[in-house]
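Beneath this line is the structure, given in structure tokens, with notes to follow.
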Amino acid sequence: MSTDPPPKPQLLLLETHPGLGASSVAQLESMGYHLHWTSDLQAFLKLQAELHPQVLIVELERGEVGPSPQDLTQLLQARDEGVPLVLVSVQNDLTARLQAVRSGCDIYLSYPLDLTLLARRLDLLLDPPPHEPERVLVVEDSHIQASYLGNILREAGMEVCLLTDPQLALERLGDFKPDLILMDLYMPRCTGIELAAAIRMDPTFLGIPIVFLSSEMERSTQLEALGQGADDFLTKPIQPQHLVSSVRIRAERTRLIRSLMSRDSLTGLRNHSAMKSRLEEEWNRAQRGQAPFAFAMVDLDHFKQVNDRFGHPFGDQVLQSLSHLFQRRLRRTDLVGRLGGEEFGILFTGTTLKAAFPILDSLRADFAHLDHLSPQGPTRYTFSAGIVSSQGPFGSAAALWEAADKALYQAKAGGRNRVYVG
């Protein structure tokens, strides 16, 4: 695992009043971005041609000062294709936002400028999460029909599990973990309606959409199916594209709901239960002889004093800033969660302790130098961490979790702002 951070995207700022760029450099650097700035339009255009930045940021009017509509048109014409435009303004009404949309704006922010919010929005623009194939369980007693449906969905890029024996449905649901069940209405040994009702009796599967695909035209039968837990009823024959669109829309909605249930609302990170579940999965994988991993617990130092001094809204900003630092600097395969309060967990997948430690310690050092704009001016905070390896003398994922927690408290007892190995 490489310890070198990824190249920092280049941001170019046209500032109305000098000072925003200089004050923003350290915070954006710590979040994984590099900022260039100027208050002169011609210099901005020159830098744009020389640097080919990944993002353009333009401060709009502040009082009587700011780029004119003609200036904005000129810099947009010089913008490289596909480069996002961020507009920052004192105006926050619908008229201003509509003008921003019409000018080709990708992100519109108002003062006071929240750099953490800006960085999170830029992350989604520049590095969107990869799309994972939708997982569909097809329950259809006809081998020919099941293969036909499977081919259509696979050609659309989905992962499909075909099941011609409905008696195996519960077993496949547990193994395959589908985003959606596509089911025939009439099958031998049990009907689709009966199977849907049986599936809904298990709380584990309550959130999985069930879509019936049948030539049944009787509305009362369709309503009965919906009443037993089905989510939709598609009538045969159905056009392949209609089938794909219907399945994809419902599967994506399921994923969104799952994500909301497993994510912390403040930071967007995985929540406590989701992290414990993933740690268990990684532990089982490591025990089967696959790649080792490291697990760290992180806790902000003296965080109660932050809330007591500046209030919970500012404390939330500090938590968001730390979570963004983790998301920006760690690999996609690494898993980060908020375990509760000011405590976080990091799962370094496929990584030895020797490789993970310097990365975590680098994050610690960078966060300690990050300015947070409090009501009384810039202020800094630190975190402590404990880290353990799956290759250590632990008999279970729970024991590894406990060891990381003990290492964290050793770091606290040792003076804070440090990483201890458990």
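These numbers were taken from a predicted model, which means no experiment stands behind them.
- Distance alone, capped at 3.5 Å, places no donor-acceptor pair between the Ser246 side chain and the Val244 backbone.
- Side-chain N or O atoms of Asp40 include one that pairs as donor or acceptor with a backbone N or O of Ala43 at under 3.5 Å.
- Other residues, nucleotides and ligands contribute more than 12 heavy atoms inside 6.0 Å of the CZ atom of Phe314.
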Query - From CA spacing to verdict: salt bridge (charged side-chain N to carboxylate O under 4.0 Å, His left out), Asp366, Arg329 - result: CA-CA 11 Å; Asp366 287 347; Arg329 291 280 299 278; 2.5 Å; yes

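- Side chain to side chain, Thr254 and Asp179 fail the donor-acceptor criterion of an N or O pair below 3.5 Å.
- The shortest side-chain heavy-atom distance between Val138 and Leu153 falls under the 4.5 Å cut-off.
- A salt bridge does not link Arg121 to Asp106: none of the charged side-chain nitrogens sits closer than 4.0 Å to a carboxylate oxygen.
- No donor-acceptor pair under 3.5 Å is formed between the side chain of Asn92 and the backbone N or O of Ser110.
- The minimum heavy-atom distance between Phe348 and Ala356, with the atom names listed, is CG-CB, 3.7 Å.
- Between Phe295 and Ile346, every side-chain heavy-atom pair lies at or beyond the 4.5 Å cut-off.
- Ion pairing between a basic and an acidic side chain is recognised when a charged N comes within 4.0 Å of a carboxylate O; Lys304 and Asp308 show such pairing.
- Heavy atoms only, all atoms of each residue included: Leu180 and Arg250 are closest at CD1-CB, 3.6 Å.
- Closest approach of Leu370 to Ser321, counting heavy atoms only: CD2-OG, 3.1 Å.
- Side-chain contact check for Gln91 and Arg97: no donor-acceptor pair (N or O, by modelled atom type) lies under 3.5 Å.
- Two residues are said to be in side-chain contact when any heavy atoms from C-beta on lie closer than 4.5 Å; Ile208 and Leu137 fail this criterion.
- Remark: Gln239 CD is loosely packed, at most 12 non-hydrogen atoms of other residues, nucleotides or ligands lying under 6.0 Å away.
- When all heavy atoms of Met183 and Gly192 are compared, the pair lying nearest together is SD-O, 3.5 Å.
- Among the candidates Leu122, Leu87, Ile57, the single residue satisfying the side-chain contact (heavy atoms from CB on, under 4.5 Å) test with Ile107 is Leu122.
- Here the shortest heavy-atom pairing between Thr352 and Pro292 reads CG2-CG, 4.3 Å.
- Side-chain atoms of Val419 and Arg364, non-hydrogen and from C-beta on, do get closer than 4.5 Å to each other.
- Around CD of Glu50, the count of heavy atoms belonging to other residues, nucleotides or ligands within 6.0 Å exceeds 12.
- Remark: the backbone N or O of Glu280 is not paired with any side-chain donor or acceptor of Arg285 at under 3.5 angstrom.
- Considering every non-hydrogen atom in both Phe383 and Leu360, the closest pair reads CZ-O, 4.2 Å.
- Using modelled atom types, one side-chain atom of Asp334 and one backbone atom of Arg331 make a donor-acceptor pair closer than 3.5 Å.
- Judged by distance alone, the side chains of Thr204 and Asp202 do bring a donor and an acceptor atom under 3.5 Å apart.
- By the 4.5 Å heavy-atom criterion applied to side chains, Phe303 and Val306 are counted as neighbours.
- Under the 4.5 Å side-chain criterion, counting only non-hydrogen atoms from C-beta, Asp184 is not in contact with Gln145.
- Between the side chain of Ser362 and the main chain of Pro358, no donor-acceptor pair closer than 3.5 Å is present.
- For the pair Val421/Val388, no side-chain contact is recorded, criterion being any heavy-atom separation below 4.5 Å from C-beta on.
- When atom types are taken as modelled, the side chain of Gln54 and the backbone of Gln10 share a donor-acceptor pair closer than 3.5 angstrom.
- Residues Leu330 and Val336 have side chains in contact (heavy-atom distance under 4.5 Å, counting atoms from C-beta outward).
- Arg338 has no carboxylate O lying under 4.0 Å from a charged side-chain N of Glu343, or vice versa, which leaves the two without a salt bridge.
- The aromatic ring centres of His143 and Tyr148 sit 6.0 Å or more apart.
- More than 12 heavy-atom neighbours from other residues, nucleotides or ligands sit within 6.0 angstrom of CG on Leu98.
- Taking the charged nitrogens against the carboxylate oxygens, Arg270 and Asp264 have no contact shorter than 4.0 Å, which rules out a salt bridge.
- Geometrically, Arg135 engages Phe176 in a cation-pi contact defined by less than 6.0 Å to the ring centre and at most 45° from the axis.
- Trp283 and Phe293 have perpendicular rings, their planes meeting at more than 60° on a 0 to 90° scale where under 30° would count as parallel.
- Asn151 contributes a side-chain N or O that, together with a main-chain N or O of Ser147, makes up a donor-acceptor pair within less than 3.5 Å.
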